[in-house]
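Quick note on labels: first sequence line is chain A, next is B, and so on, each numbered from 1.
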Amino acid sequence: MKNTANFYEQVYELVKLVPKGRVTTYGAVAKSLGMSGSSRMVGTAMKHAHDPSLNVPAHRVVNRTGLLTGKHHYQTPTEMQELLEKEGIIVIDDQVQDFERKFWNPLVEL
DNA sequence: GTGTTGACCCCAA
DNA sequence: TTTGGGGCCAACA
């Protein structure tokens, strides 16, 4: 059993399911996959997800406060915010506005 | 093989 | 309100 690779795939699949104009959190994804407590792994997985062939919208994943913690890992520091605003999400000072409303909970929606 | 780091989260003071 | 400490586990040096 190769659970590590499987976990990454599950993360990618779940993130792909996030609707346009919505965002989710690392913790929610981790918990949804039964890895509650290991939220860092989701972030680590995202770092490896920069590959365009994976087609993973990592910009829709933020930390629990709605802060764009991963923006510095993009090619440009503003790319993540640009992508979010293009989808109708307001981002001010790396902070998602109306985060509670924009939040997409996989545990509830699925 | 060991030690440190990190796109995180939770709780206490 | 802001800080600090613990936990979690893969990736990296």
Side-chain angles (χ1 to χ4, degrees):
Chain A
M1 293 257 308
K2 299 180 276 185
N3 283 335
T4 53
N6 194 287
F7 170 69
Y8 275 50
E9 250 189 67
Q10 289 184 57
V11 172
Y12 299 148
E13 289 298 311
L14 191 60
V15 173
K16 284 183 195 173
L17 294 177
V18 178
K20 186 179 181 182
R22 291 293 199 87
V23 292
T24 188
T25 69
Y26 301 99
V29 173
K31 189 174 183 180
S32 160
L33 297 179
M35 293 287 288
S36 164
S38 303
S39 318
R40 303 190 114 167
M41 303 301 91
V42 179
T44 307
M46 291 287 96
K47 189 171 62 171
H48 269 264
H50 68 75
D51 192 330
S53 60
L54 293 172
N55 204 8
V56 178
H59 58 273
R60 292 181 189 154
V61 185
V62 295
N63 70 348
R64 85 146 181 113
T65 63
L67 195 67
L68 280 63
T69 53
K71 64 175 291 182
H72 281 106
H73 290 263
Y74 280 77
Q75 295 180 339
T76 63
T78 57
E79 183 176 326
M80 189 173 185
Q81 180 172 337
E82 291 286 325
L83 288 169
L84 287 172
E85 290 190 335
K86 193 191 291 185
E87 296 185 354
I89 299 175
I90 311 300
V91 178
I92 300 177
D93 193 33
D94 303 340
Q95 176 69 42
V96 176
Q97 302 302 302
D98 291 321
F99 177 64
E100 290 184 18
R101 231 157 50 111
K102 304 289 185 181
F103 177 61
W104 182 80
N105 191 339
L107 294 172
V108 175
E109 301 292 337
L110 297 182

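One can place NE2 of A:His73 at 15 Å from P of B:dT5, the figure rounded to the nearest angstrom. When the C1' atom of B:dT4 is taken as reference, atom CZ of A:Arg40 falls 11 Å away, rounded to whole Å. For A:Gln75 and B:dA7, the CD to P distance is 17 Å, given to the nearest whole Å. Counting to the nearest Å, the P atom of C:dC8 and the CG atom of A:Leu33 are 18 Å from each other. Here the C1' atom of nucleotide B:dC9 and the CE atom of A:Met35 are 14 Å apart, to the nearest Å. In this structure, the CE atom of A:Met46 is 17 Å from the C1' atom of B:dC9, given to the nearest Å. To the nearest angstrom, P of B:dA7 lies 14 Å from NZ of A:Lys71. Nucleotide C:dG7 holds its C1' atom 16 Å from the NZ atom of A:Lys31, rounded to whole Å.
Counting only distance, with no hydrogens or angles, the side chain of A:Lys71 and the backbone of A:Pro77 share a donor-acceptor pair below 3.5 Å. Of the possible polar contacts, none joining the A:Glu85 side chain to the A:Ile90 backbone as a donor-acceptor pair under 3.5 Å is found.
Among the atoms of the strands shown, only primed sugar atoms or phosphate atoms (P, OP1, OP2) are found under 4.0 Å from some heavy atom of A:Arg64. Across all strands, A:Ala58 comes closer than 4.0 Å to base atoms (heavy-atom distances).
For A:Met41, the side-chain atoms get nearest to B:dG6 when compared with the rest of B:dA7, B:dC8, B:dG6. When the nucleotides C:dA10, B:dA7, B:dC9 are ranked by their closest atom to the side chain of A:Tyr8, C:dA10 comes out on top. Each of B:dG6, B:dA7, B:dC9 was ranked by its minimum atom distance to the side chain of A:Thr69; first place goes to B:dA7. For A:His48, the side-chain atoms get nearest to C:dC12 when compared with the rest of B:dG6, C:dC12, B:dA7.
Ring planes of A:Tyr8 and A:Tyr12: perpendicular class, angle over 60° (limits at 30 and 60°).
Annotation: A:Lys86, atom NZ; neighbour count of heavy atoms from other residues, nucleotides and ligands within 6.0 Å does not exceed 12.
Put simply, A:Thr44 has no side-chain N or O that comes within less than 4.0 Å of OP1 or OP2 on C:dC9.
Note that the CZ atom of A:Arg22 and the CG atom of A:Leu84 stand 13.5 Å from one another [nearest 0.5 Å].
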